[in-house]
> 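Shown below is the structure under consideration.
Scope of the values below: all heavy atoms of this structure, side chains included, with no hydrogens, waters or symmetry mates.
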Amino acid sequence: MTASENIARLGALSTSGVSDALDKLGIPGQALGIKPVDRDFRIAGRAWTLRYGPIGQVRGTVGDYIDDLGPEDVVVLDNQGRLDATVWGDLLTVTASKRGVAGTVIDGVCRDIGRSLSLGYPIFSRGNWMRTGKDRVQVEETQVAVSIGGIRVEPGDYLLGDGDGLVIVPATRIDEVLAAAEQIELSEERIRQEVEAGTPLVEARKIVGYHDLQHHVEPGEG
């Protein structure tokens with residue numbers, strides 16, 4: 001599969017289904033505390049990463065990178081979970097939206113969320129606050145491993161976000177995660193159909209083997 005095909009398959013899934021698939025495969029990938037600015041926002045794409053740190057005696061930049069990105073890129077900003085200084089606002093939102101960027105993920109806060117909402121540009125973060133990051137934080141490195149919600153994100157990893165939160169899939173495991181998540185969601189759909197047809201939930205779950213769907217089997221186990 002190409003990266004574009006993987007993104008299309010990922011985008012058709014829910015974070016719940018992918019989360020269960022990650023559990024089944026023993027992969028940590030659920031980003032704690034990272035939520036969409038709007039519950040209807042969705043993200044599916046590959047990580048373009050940037051790591052921030054506190055500013056030193058010599059002023060650094062907050063980053064002039066957005067003009068290099070495009071469709072299928074998800075901007076992934078590691079601001080170490082800071083809630084007191086933003087690293088994303090109006091001008092970045094306008095530019096990213098114009099370039100068709102898939103969305104922005106921040107371990108920290110954003111601002112100017114009205115622009116994000118009016119443009120329908122998806123942002124996932126720890127919240128929003130108006131205080132600028134200029135002269136408070138600076139870019140340390142780009143396109144390196146970062147941490148988002150306690151999960152390591154490498155450049156090129158796959159991200160899926162929806163109203164329930166954000167999951168990260170290592171690029172090296174995307175094939176097996178997609179296959180597992182698709183099977184889980186098909187099985188849960190079958191349970192819904194059984195229930196709608198009048199089957200008691202407990203029986204419907206037995207028919208499909210619900211309790212084994214996400215069970216992680218250790219090497220040598222059963």
> Can you tell which of Ile123, Val75, Leu166 makes a side-chain contact (heavy atoms from CB on, under 4.5 Å) with Val105?
Leu166
> Counting C-beta onward and ignoring hydrogens, is there a side-chain heavy-atom pair between Asn6 and Leu178 closer than 4.5 Å?
yes
> Looking at every heavy atom in both Gly29 and Leu22, which two are closest together, and how far apart are they?
CA-CD1, 3.8 Å
> I'd like to check the side-chain contact (heavy atoms from CB on, under 4.5 Å) partners of Asp38; sequence neighbours left out, ordered by chain and number.
Asp40, Phe41, Leu117
> Check Arg42 against Gly11 and note the closest heavy-atom contact, atom names and distance.
NH2-O, 2.7 Å
> Nearest 0.5 Å, please: how far is CD1 in Ile113 from CG in Asn128?
4.0 Å
> Looking at Ser97 and Thr93, would you say the former's side chain and the latter's main chain have a donor-acceptor pair under 3.5 Å?
no
> Hey, could you give me each pair passing salt bridge (charged side-chain N to carboxylate O under 4.0 Å, His left out) that has a residue in residues 165-184? Not counting sequence neighbours.
Arg9-Glu182, Arg173-Glu176
> Listed by chain and number, what are the salt bridge (charged side-chain N to carboxylate O under 4.0 Å, His left out) partners of Arg115, not counting sequence neighbours?
Asp90
> Test side-chain contact (heavy atoms from CB on, under 4.5 Å) on Cys110 and Thr104; report intermediate values, then the result.
CA-CA 10 Å; Cys110 61; Thr104 298; over 6 Å; no
> Could you list all the salt bridge (charged side-chain N to carboxylate O under 4.0 Å, His left out) pairs where at least one residue sits in residues 91-113, not counting sequence neighbours?
Asp107-Arg126
> Would you give the length of the straight line joining atom OG1 of Thr86 to atom CH2 of Trp129, rounded to the nearest 0.5 angstrom?
9.5 Å
> Quick one: side-chain contact (heavy atoms from CB on, under 4.5 Å) partners of Ala12, sequence neighbours excluded?
none
> Using the test side-chain hydrogen bond (donor to acceptor under 3.5 Å, both in side chains), find all partners of Asp162 that sit at least two apart in sequence or belong to another chain.
Thr15
> Check whether any side-chain heavy atom of Thr142 lies under 4.5 Å from a side-chain heavy atom of Trp48, and answer yes or no.
yes
> Search all heavy atoms of Gln138 against all heavy atoms of Gly56 and return the closest pair with its distance.
OE1-N, 3.8 Å
> Go through the steps for Val169 and Leu160 under the test side-chain contact (heavy atoms from CB on, under 4.5 Å), then give the verdict.
CA-CA 8 Å; Val169 180; Leu160 176 68; over 6 Å; no
> Is there a side-chain contact (heavy atoms from CB on, under 4.5 Å) between Val137 and Gln80? Walk through the geometry before answering.
CA-CA 10 Å; Val137 297; Gln80 303 178 42; over 6 Å; no
> Work out which heavy atom in Ala181 is nearest to a heavy atom in Gly17; give both atom names and the distance.
CB-O, 3.8 Å
> Does anything in residues 71-82 form a salt bridge (charged side-chain N to carboxylate O under 4.0 Å, His left out)? List the pairs, not counting sequence neighbours.
Arg82-Asp84
> Identify, with sequence neighbours excluded, every residue that meets salt bridge (charged side-chain N to carboxylate O under 4.0 Å, His left out) alongside Glu185.
none
> Given side chains that start at C-beta, do those of Ser125 and Val109 come closer than 4.5 Å, heavy atoms only?
no
> Please tabulate, one pair per line, all N/O donor-acceptor pairs under 3.5 Å involving side-chain atoms of residues 143-150, not counting sequence neighbours.
| residue | atom | partner | partner atom | Å |
| --- | --- | --- | --- | --- |
| Gln143 | OE1 | Thr49 | N | 2.9 |

> Tell me whether Tyr121 contacts the main-chain N or O of Gly103 through its side chain, where contact means a donor paired with an acceptor under 3.5 Å.
yes
> Could you list the residues that satisfy side-chain contact (heavy atoms from CB on, under 4.5 Å) with Thr172, not counting sequence neighbours?
Pro170
> Identify whether Leu69 and Leu159 are in the same connected component of the hydrophobic contact network (ILVMFWY, side-chain heavy atoms under 4.5 Å).
yes
> What closest approach, in Å, do Leu25 and Ala180 show between heavy atoms, and which atom pair accounts for it?
CD1-CB, 4.3 Å
> Can you tell me which residue pairs pass the salt bridge (charged side-chain N to carboxylate O under 4.0 Å, His left out) test with a partner in residues 141-154, sequence neighbours excluded?
Arg51-Glu141, Arg152-Glu154
> Check side-chain contact (heavy atoms from CB on, under 4.5 Å) between Leu92 and all other residues, then give those that pass, not counting sequence neighbours.
Tyr65, Ile66, Trp88
> Could you tell me whether the side chain of Val76 reaches within less than 4.5 Å of the side chain of Val74, counting heavy atoms only?
yes
> Under a 4.5 Å cut-off applied to non-hydrogen side-chain atoms, are Val177 and Lys24 in contact?
no
> Given Leu50 and Val139, is the side-chain contact (heavy atoms from CB on, under 4.5 Å) satisfied, shown in steps?
CA-CA 7 Å; Leu50 190 153; Val139 174; 3.9 Å; yes
> What closest approach, in Å, do Arg39 and Lys35 show between heavy atoms, and which atom pair accounts for it?
NH1-CB, 3.8 Å
